[in-house]
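Computed from a prediction, not measured in an experiment: that's the story for all the values here.
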Amino acid sequence: MSSNNLKFKIEGMTCAACSGIIEKETRLLKGVESAEVNFATESAEFKTGEGFDLETFHALLKKLGYRAIDPNAKSEQNNDTIFNRDFIKAAIAIVLASITMFFAMVVPNNTIQAVLTTILLFGFGWPYVKAVIGFHSNMNTLIGLGVLSSYLYSIYLIFASPHAHPYFEGGAFIIAFSLVGHYLDGLAKTKARNNLSSLYKMQIKFASLVVDGKEINTPVVDLKVGDVIRLRPGEKFPLDGEIIVGETHADESMLTGESQAIAKSVGSKVFAGSMNLEGSVTIKITATLHSTFISEIVHFVEKAQLKKAPIQQYADKIVKIFVPIILLIAALTFVVWYLMTKDLGFSLTHMIAVLVIACPCALGLAVPMAIMLSTSEAAKNGLLISGGDIVEKGSHIDTIVFDKTGTLTEGRPELTEIVVFDTAYTEEALLKMAASSLQYSTHPLSQSVAHAAVKKDVKLADPDKFKSLTGLGVVAELNGKKLALGNADLLKQEGVEGAIPESFYKAHVGSYVFLSIDQKLAAAFVITDPIKNEARTLISNLHSLGINVWMLTGDHQGVAYKIGSELGITPEFIRAGVKPVGKADFVSELQTKGHKVAMIGDGINDAPALAKADLSIAMSNGSDVALEASEVSLLDGKILLVGDFFARSKRTMRIIKENLLLSSLYNILCIPLAAGVFYPLTKMSLTPMWASLAMGLSSFSVIINSFRVKKL
């Protein structure tokens with residue numbers, strides 16, 4: 001039996017310890033090979049094999065207090081709005097707790113307090129009670145123990161000492177403030193998830209299906225590959241397809257972050273969610289609803305968010321032992337205070353405060369929340385990061401190696417200069433003769449000359465004779481003139497008069513096509529691979545991040561140094577004449593010197609170097625990107641995203657460390673305060689009610705801090 005990957009949305013998780021419990025317990029089930037659960041995204045993926053039973057799986061989760069549902073199904077809880085079910089529960093709980101306090105402080109009535117708190121405990125706080133009964137090791141257990149201790153002691157006082165002041169209002173507000181904290185956490189996490197899921201919402205529900213020349217309004221979900229649909233200006237493309245009739249411009253900013261409109265004509269690919277700006281076009285569907293490029297991106301990022309960054313392992317280890325340690329501290333707090341004061345109520349209050357204040361949520365959210373926001377925001381800008389581990393890896397990179405061609409340069413040679421040796425001819429005449437002779441050659445240098453003539457509207461003629469000489473160039477006859485076009489070796493072979501001056505090579509750096517007319521040197525066509533417009537800015541940005549930038553190229557040194565000087569890369573960071581195998585060797589050389597190396601390339605010949613590097617970044621074009629094979633992919637070859645990735649990685653890791661520090665300091669400072677450590681000297685301590693409020697605000701503060709990753 002082959003392995004299957006099951007994806008679920010997990011309902012009922014209240015803290016990071018919950019995700020650890022689910023992973024640990026489900027891995028013990030027969031047939032479960034691996035389990036990855038993300039508390040921040042409430043998502044999970046299980047790899048299952050032979051012997052796996054789905055009913056047993058769901059039964060186990062139910063026993064643990066959780067529920068696994070289809071991630072594409074709408075949750076019964078409907079918590080995606082501000083005034084959702086959690087809001088209603090929290091609001092009612094606050095009202096009931098406030099009334100309880102009224103009958104505790106203003107018009108004392110223990111019976112009404114008991115009734116209201118009982119409603120709160122078993123009507124709204126049942127998950128906390130259930131966690132205690134089930135011996136779960138999570139945040140609910142701590143809150144449940146605190147509430148039950150307060151509730152049961154208050155019930156005891158009603159019967160044992162009717163005139164004593166019970167602690168019902170404390171337990172009531174613990175539940176109320178816990179629900180408020182849960183609501184705020186859920187609201188923030190929903191906003192974070194919507195940062196990515198908004199890509200899905202860009203897709204439309206109906207399209208005009210063309211059948212026998214007639215248009216039929218059809219649900220997009222019913223469309224099949226090969227169907228033909230028609231779009232008018234201002235409509236969104238419902239699915240991926242290929243234009244078969246018409247021309248237009250498309251806004252694909254939702255995929256690439258690029259605001260410039262893209263010209264589309266017959267044969268052009270179009271993508272679901274992009275906007276048809278001006279023309280009426282007919283397209284043939286090439287992908288169904290769940291296999292579009294935008295769907296692949298969303299699935300890629302969702303999977304990436306399940307991959308944990310190494311730094312999260314430390315947080316997970318702490319969360320795993322956190323609850324048992326807090327239970328021990330709470331017990332010690334009670335024992336020490338009771339031995340010192342013999343006051344059961346005073347000792348119990350401090351114990352309850354410790355149980356309630358100690359929240360592993362903030363610590364558990366510190367890493368995944370920042371990773372989730374960072375990777376989803378990056379995806380919306382055309383930068384695909386394959387996991388939290390890659391974000392962390394990117395923050396450690398100190399050296400970047402670029403393959404020149406197609407990465408820093410456009411990857412297509414262009415004619416940049418015509419050097420005239422025989423002044424009897426004009427530049428236009430020389431270009432016409434050269435392009436006419438080279439138009440049937442498939443060599444890239446020949447094509448660059450021919451394309452330059454077409455751009456200048458030069459009318460080409462057919463040569464009378466044409467012969468291609470491998471490794472040399474072309475010889476032809478045109479209007480009675482004998483032409484030779486190629487390298488210096490061809491000129492020598494053809495007995496061309498006039499040597500190429502040495503000063504020519506120093507003044508004109510690039511590749512050359514020499515032209516001789518009737519065995520006399522007439523001109524040289526200088527061809528270069530133009531630098532990408534954004535490349536200079538990128539190199540400057542990387543240098544400002546403290547990253548060393550190397551450029552490798554198979555070109556000769558003169559070309560390499562010229563391009564390097566234009567980019568701001570000094571000669572000591574340039575290697576010219578490097579063969580494909582040599583690129584991987586050079587990466588290894590840098591690694592042996594202690595550098596953490598990233599390699600950026602776009603061709604198959606870069607594969608060995610990309611595999612050898614500590615981090616590989618692939619340049620991609622449109623939907624041709626191999627998502628599963630890439631650590632980092634740049635959609636549409638947007639080179640500036642390289643700098644964005646490293647800046648994002650460093651900022652994300654900085655915020656993660658801030659989150660971990662915030663949550664750690666919170667517990668280091670608040671737990672002693674709740675335990676009453678400072679009470680003998682300052683008379684300061686936390687009541688269970690305020691401890692509950694502080695607990696909710698701690699995780700919320702970590703979430704708010706995580707949202708800063710979006711502001712690069």
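Ring centers of Phe8 and Phe57: under 6.0 Å apart, within the cut-off.
Ion pairing between Glu658 and Arg708 holds under the 4.0 Å rule for side-chain N and carboxylate O. At a threshold of 4.0 Å, the pair Glu631-Lys393 counts as salt-bridged, since one of the basic side-chain nitrogens sits closer than that to a carboxylate oxygen.
Residues Phe168 and Ile158 form a side-chain contact, since some pair of their non-hydrogen atoms from C-beta on lies under 4.5 Å apart. No side-chain heavy atom of Val702 sits under 4.5 Å from any side-chain heavy atom of Met369. A heavy-atom distance below 4.5 Å is found between the side chains of Leu96 and Phe124. In this structure, the side chains of Phe334 and Leu344 come closer than 4.5 Å at one or more pairs of heavy atoms. Annotation: side chain of Leu328 is not in contact with side chain of Pro324 (no heavy-atom distance under 4.5 Å). Contact of the Thr26 side chain with the Leu61 side chain is registered, since non-hydrogen atoms from C-beta on lie closer than 4.5 Å. At a threshold of 4.5 Å between non-hydrogen side-chain atoms, the residues Ile397 and Phe645 do not count as touching.
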Test side-chain contact (heavy atoms from CB on, under 4.5 Å) applied to Asn659 and Val367, step by step: CA-CA 8 Å; Asn659 286 346; Val367 180; over 6 Å; no
Audit row: Arg85, Ile88, side-chain contact (heavy atoms from CB on, under 4.5 Å) steps and yes/no: CA-CA 5 Å; Arg85 185 177 176 182; Ile88 295 171; 5.7 Å; no
Residue pair Glu392, Ile656: steps toward the side-chain contact (heavy atoms from CB on, under 4.5 Å) verdict: CA-CA 10 Å; Glu392 182 168 350; Ile656 285 174; over 6 Å; no
Residues Arg648, Glu377; criterion side-chain contact (heavy atoms from CB on, under 4.5 Å); working and verdict: CA-CA 10 Å; Arg648 185 177 297 277; Glu377 185 69 15; 3.9 Å; yes
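Minimum heavy-atom separation, Val354 to Ile671: CG2-O, 4.2 Å. The two residues Val132 and Leu145 make their nearest non-hydrogen contact at CG2-N, 3.5 Å. Among all heavy-atom pairs drawn from Pro166 and Leu157, the shortest one is CA-CD1, 4.0 Å. Scanning all heavy atoms of the two residues, the minimum distance from Ala114 to Tyr151 falls at O-CE1, 4.4 Å. Closest of all the heavy-atom pairs between Gly382 and Leu641 is O-CD1, 3.2 Å. A pairwise comparison of heavy atoms in Ala330 and Met351 identifies O-CG, 3.2 Å as the closest pair.
The closest donor-acceptor contact from the side chain of Trp337 to the backbone of Asp343 lies at 3.5 Å or more, if one exists at all. Proximity of a side-chain donor or acceptor of Glu33 to a complementary backbone N or O of Lys47 within less than 3.5 Å is not detected. Checked by atom type and distance alone, the side chain of Thr652 never pairs as donor or acceptor with a backbone atom of Ser649 at under 3.5 Å. Not one N or O on the side chain of Ser374 forms a donor-acceptor pair closer than 3.5 Å with the backbone of Ala370. In this structure a side-chain-to-backbone donor-acceptor pair under 3.5 Å is present from Gln113 to Phe103.
Enclosure of atom CE in Met105 by more than 12 non-hydrogen atoms of other residues, nucleotides or ligands within 6.0 angstrom is indicated.
Note: Phe122 and Trp126 have tilted aromatic rings, judged against thresholds of 30 and 60 degrees for the angle between ring planes.
A cation-pi contact links Lys683 to Tyr679, judged by a cut-off of 6.0 Å to the six-membered ring centre and 45° from its axis.
Atom OG1 of Thr333 and atom CD1 of Ile329 lie 7.0 Å apart (nearest 0.5 Å). Rounding to the nearest 0.5 Å places CD1 of Ile69 at 10.5 Å from NE2 of His58. Note that OH of Tyr128 and CG of Leu179 are 4.5 Å apart. Values are rounded to the nearest 0.5 Å. Within the model, atoms CG of Leu116 and CD of Glu169 stand 12.0 Å from one another, a figure rounded to the nearest 0.5 Å. In this structure, the separation between CD1 on Ile385 and CG on Asp644 is 7.5 Å, given to the nearest 0.5 Å. Between the CZ atom in Phe159 and the OG atom in Ser154 there is a gap of 12.0 Å [rounded to 0.5 Å].
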